[in-house]
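Taking it in order: structure first as structure tokens, then the write-up.
A note on names: the letters A, B, ... follow the listed sequences, proteins ahead of strands, and every chain is numbered from 1. The basis for the numbers below is simple: all heavy atoms, side chains too, and nothing from hydrogens, waters or symmetry mates.
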There are 2 protein chains.
Amino acid sequence: MRSTSASPAPDAADTRTALLQAAAAEFAEAGYHDATIRAICRRAGTNVAAVHYHFGDKPQLYLEVLRHLVAEANRRLPFDMGLGPEAAPETRLRAFVRSVLGRLLEPGPHAWLGRLVARELTEPTPCLEVMVREHIQPLADQVRSIIVAFLGPDRDEQTLGFCGLSIVSQCFFYFHCRAVVSRLLPHLPQGPAAVEPLTEHITRFSLAALKELARRPVGTAARRAPVPAGRTRSRRRGPRPAVAAPDFPHRS
Amino acid sequence: MRSTSASPAPDAADTRTALLQAAAAEFAEAGYHDATIRAICRRAGTNVAAVHYHFGDKPQLYLEVLRHLVAEANRRLPFDMGLGPEAAPETRLRAFVRSVLGRLLEPGPHAWLGRLVARELTEPTPCLEVMVREHIQPLADQVRSIIVAFLGPDRDEQTLGFCGLSIVSQCFFYFHCRAVVSRLLPHLPQGPAAVEPLTEHITRFSLAALKELARRPVGTAARRAPVPAGRTRSRRRGPRPAVAAPDFPHRS
DNA sequence: GCATGTTTCAAACAAACGTTTGACACGTCA
DNA sequence: TGACGTGTCAAACGTTTGTTTGAAACATGC
């Protein structure tokens with residue numbers, strides 16, 4: 001029946017949405033694996049059995065949270081921040097970087113989906129397929145389109161793919177490895193305060209690289225700096241300690 | 001006594017090293033959290049109680065594995081691949097990238113430590129402090145030294161830090177997000193086959209960026225492309241939720 | 001009023017985990 | 001020989017997890 005009125009006495013629909021909300025927060029903070037159904041229900045003020053009544057089991061609850069957040073995010077702010085393909089490539093690049101960083105670092109519910117996506121990248125859940133299809137693929141397409149705007153449409157797929165990884169990786173690394181980064185580089189701005197300076201840096205860094213790659217097609221890069229004694233490329237120097245050699249006192 | 005022969009009758013030292021070996025493999029494959037003591041002992045051919053007899057508990061076993069692998073790795077191949085600070089910056093950069101990628105993507109026990117470090121970056125364990133102090137800090141110093149070689153010693157710490165993140169992030173992203181990358185960009189080389197082309201790309205990409213940043217000091221970058229309707233830069237619309245609000249949960 | 005379907009709850013269930021226990025086998029030294 | 005420390009083992013412990021149960025509370029339709 002699902003009465004649509006927000007009545008003072010919580011009805012069925014309220015319990016469901018309360019669970020969705022609580023689950024989104026808990027999954028975003030703790031990750032799929034570490035988020036427990038009991039913690040979610042405590043936050044939602046319901047019984048643990050409510051999850052299985054409304055959603056079936058934990059994976060289905062997670063899937064429902066994902067669909068909910070993806071729909072809401074796409075309705076609100078797309079990755080191109082409203083810029084079409086006709087905008088200047090540099091502007092589109094900056095908007096993309098700013099959008100991804102905001103979705104990861106800004107406080108509150110706005111960043112729930114971004115953090116879920118970030119976790120899905122490094123520790124996939126059973127819902128990875130859905131996540132890729134409905135959210136990550138559009139993101140990848142957007143990056144590709146921006147890079148094509150810089151390098152032209154005739155570049156090989158490998159170059160386009162690698163350049164996309166280079167840009168996206170810079171955006172995600174600061175969030176993925178925040179625990180170590182904050183220890184190693186404590187003077188850098190932390191959390192939401194990092195969004196603007198990081199946007200600036202990643203844009204400049206990637207811009208310079210893309211312009212250079214656009215100037216020189218693959219294969220015509222500046223000749224490599226002379227390497228002393230043929231190091232670095234075929235990096236085998238002198239006698240290797242052994243051949244396979246795990247170097248554990250070998251058993252078996 | 002410590003008989004060095006792989007004797008048919010395993011003695012005490014053999015059990016200990018067997019556990020270390022099995023634990024290293026298991027931790028590298030499954031991660032600290034998902035690796036179970038039972039699986040480690042099954043692989044080592046011992047009883048579950050052996051872990052607590054020889055190492056105390058699971059964190060101490062993990063710590064012992066880390067120390068062992070770090071010592072072995074530092075003995076074998078340092079991050080600078082034998083290149084000193086006098087080598088050409090471009091050569092040092094390529095050697096560093098190649099070294100990190102090799103430690104992540106190459107098959108077999110050689111990559112055990114690299115994968116443990118990579119996991120520690122995204123999902124820290126109780127041993128994070130030790131890991132940072134004994135292994136990650138030297139890595140960061142090496143990156144910083146290379147960047148200083150490009151940008152000069154007078155750059156601000158923020159620029160040096162950001163540039164280091166940009167380079168390291170590109171190296172780790174391909175491994176951290178391999179599940180998604182292989183789905184999204186199936187035409188890219190996978191696993192060990194990616195080491196050489198990725199080294200080439202990341203080096204070129206970062207090289208171009210560093211040279212550009214060396215050419216133009218901070219603040220004198222090419223003026224920004226005009227942004228339509230003032231989006232992207234100050235996209236704050238309506239009231240901010242709050243001011244202080246870090247809400248950047250690290251969680252244990 | 002009564003039967004029916006929906007929703008919630010406390011309580012228990014089964015599995016997996018890290019950890020501990022107590023007994024047994026073995027080598028060493030008095 | 002007998003006591004002692006070392007190393008190993010099967011078995012169990014206590015906790016936490018996702019999941020299920022069976023009985024209430026509630027609204028709805030005849």
Side-chain angles (χ1 to χ4, degrees), chain A residues 1-24 26-27 29-66 123 125-127 249 251, chain B residues 1-24 26-27 29-66 123 125-127 251-252:
Chain A
M1 89 204 21
R2 198 136 301 199
S3 94
T4 56
S5 71
S7 59
D11 60 351
D14 275 354
T15 301
R16 220 188 103 97
T17 58
L19 275 174
L20 268 181
Q21 178 106 353
E26 199 66 25
F27 282 135
E29 286 180 16
Y32 174 79
H33 193 269
D34 287 350
T36 70
I37 290 188
R38 280 171 175 82
I40 292 172
C41 291
R42 198 181 318 124
R43 195 189 278 241
T46 71
N47 187 274
V48 288
V51 164
H52 302 92
Y53 177 79
H54 285 283
F55 300 96
D57 54 8
K58 189 181 176 183
Q60 293 184 71
L61 168 62
Y62 182 69
L63 185 63
E64 213 57 38
V65 168
L66 281 187
E123 26 188 342
T125 72
C127 302
R251 59 195 234 93
Chain B
M1 110 160 9
R2 198 143 300 218
S3 91
T4 56
S5 70
S7 59
D11 59 351
D14 276 351
T15 300
R16 217 189 105 97
T17 58
L19 276 175
L20 269 181
Q21 171 116 351
E26 199 67 24
F27 282 134
E29 286 179 16
Y32 174 78
H33 193 271
D34 287 350
T36 70
I37 290 188
R38 283 172 173 83
I40 292 172
C41 291
R42 198 181 319 124
R43 195 190 278 241
T46 71
N47 187 272
V48 287
V51 164
H52 301 92
Y53 178 79
H54 285 283
F55 300 97
D57 54 9
K58 188 181 177 183
Q60 293 185 72
L61 168 61
Y62 182 68
L63 185 63
E64 212 59 37
V65 168
L66 281 188
E123 28 188 340
T125 72
C127 302
R251 194 165 178 113
S252 63

Gap between atoms OH and P, on A:Y53 and D:dG18 respectively (whole Å): 22 Å
Quick one: B:L19 CG to D:dG7 P, roughly how many Å, whole number? 13 Å
Just compare D:dT17, D:dT19, C:dT8 and give me whichever is closest to any side-chain atom of A:I37. D:dT19
Distance below 4.0 Å between A:H54 side-chain N/O and C:dT8 OP1 or OP2: yes
For atom NZ of A:K58 and atom P of D:dT20, their distance in whole Å: 15 Å
How long is the straight-line distance from CG of A:L19 back to CG of A:N47, given to the nearest 0.5 Å? 10.0 Å
Check the surroundings of atom CD in A:Q21: do more than 12 heavy atoms from other residues, nucleotides or ligands lie under 6.0 Å from it? no
Nearest to side-chain heavy atoms of B:A49, which nucleotide of C:dC9, D:dA11, D:dA10: D:dA10
Using a 4.0 Å heavy-atom cut-off across all strands, classify B:A50 as base, sugar-phosphate, or nothing. nothing
Report yes if some heavy atom in the side chain of B:E123 is under 4.5 Å from a heavy atom in the side chain of A:H33; otherwise report no. no
Indicate the ring-plane relationship of A:Y32 and A:F27, choosing parallel, tilted or perpendicular according to the 30° and 60° boundaries. parallel
Measure from CZ on A:R38 to C1' on C:dA11 and round the result to the nearest Å. 11 Å
Expressed in angstrom and rounded to an integer, what is the separation of A:F27 atom CZ from D:dG18 atom C1'? 12 Å
Between P of C:dT7 and NE2 of A:H52, the distance in whole Å: 17 Å
Whole angstrom value for the distance that separates P of D:dG18 from CD of A:Q60: 15 Å
Residues in side chain to side chain donor-acceptor pair (under 3.5 Å) with B:Y62, at least two apart? B:E120
Taking for each residue the nucleotide of DNA chain D bearing the nearest heavy atom, is the 5' side occupied by A:T36 or by A:G56? A:T36
Classify A:V51 by what it touches in the nucleic acid, base, sugar-phosphate, or nothing, heavy-atom distance under 4.0 Å. nothing
Euclidean distance, atom CG of residue B:N47 to atom C1' of C:dA23 [Å, nearest integer]: 13 Å
Regarding A:A39, tell me which of base, sugar-phosphate or nothing describes its non-hydrogen contacts under 4.0 Å with the strands shown. nothing
